[in-house]
Amino acid sequence: MADYYSVIARAVSRLPTRKADDARHAIYEEARKALQERLGNDLQISDAELVNEHYALEAAIYRVEDELLLSDMRRLVTERAALSSPRLSFISRVKEFVRAHAR
């Protein structure tokens, strides 16, 4: 079985961020098409082996998508944490100011 994950992940990592969804899906479709063209007409490969190869490709695609989703989630959490931290420190400073001037 080929290492589809490495090939797919490398191709996706080279995409520009703009319009990446469409480009990723185009890469996946090209990989599916190439696999079918390469193995679909090979008489030495059984139907079970062909199904296994297709499954391995789909598993690689899902793994890449899962990793991208996780990366996006981490980025969003980090961005939100960065946005909320100054607010918390601002609130803390306001509380200190109020306490200092309430005496």
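Keep in mind that what you see is a predicted model, and the values were worked out from it rather than measured.
Glu53 and Tyr4 share a side-chain donor-acceptor pair at under 3.5 Å. No hydrogens or angles considered: nothing links the side chains of Glu67 and Tyr62 as a donor-acceptor pair under 3.5 Å. Glu65 and Tyr28 share a donor-acceptor pair across their side chains, judged by distance under 3.5 Å alone.
Between the side chain of Gln36 and the backbone N or O of Lys33, no donor-acceptor pair lies under 3.5 Å.
Looking at Arg24 and Asp21, a side-chain N of the basic residue comes within less than 4.0 Å of a carboxylate O on the acidic one, giving a salt bridge.
Residues Thr78 and Arg75 form no side-chain contact, since every pair of their non-hydrogen atoms from C-beta on lies 4.5 Å or further apart. Using a 4.5 Å cut-off on side-chain heavy atoms (C-beta onward), Met73 and Val77 make no contact. Ile61 is listed as a side-chain neighbour of Glu58, based on a closest heavy-atom distance under 4.5 Å.
Annotation: Asp42, atom CG; neighbour count of heavy atoms from other residues, nucleotides and ligands within 6.0 Å is above 12.
Heavy atoms only, all atoms of each residue included: Ala23 and Leu15 are closest at CB-CD2, 3.7 Å. Scanning both residues, Leu39 and Leu50, for their nearest heavy atoms gives CB-CD1, 3.6 Å. Residue Leu35 comes nearest to His54 through the heavy atom pair CD2-ND1, 3.6 Å, listed as atom of the first residue, atom of the second, then distance.
Residues Leu57 and Ile45 share a hydrophobic cluster, clusters being chains of Ile/Leu/Val/Met/Phe/Trp/Tyr side chains in contact below 4.5 Å.
Residue Ser46 holds its OG atom at 7.5 Å from CG of Asn52, rounded to the nearest 0.5 Å. Note that NE2 of His25 is 10.5 Å distant from CD1 of Ile27, once rounded to the nearest 0.5 Å.
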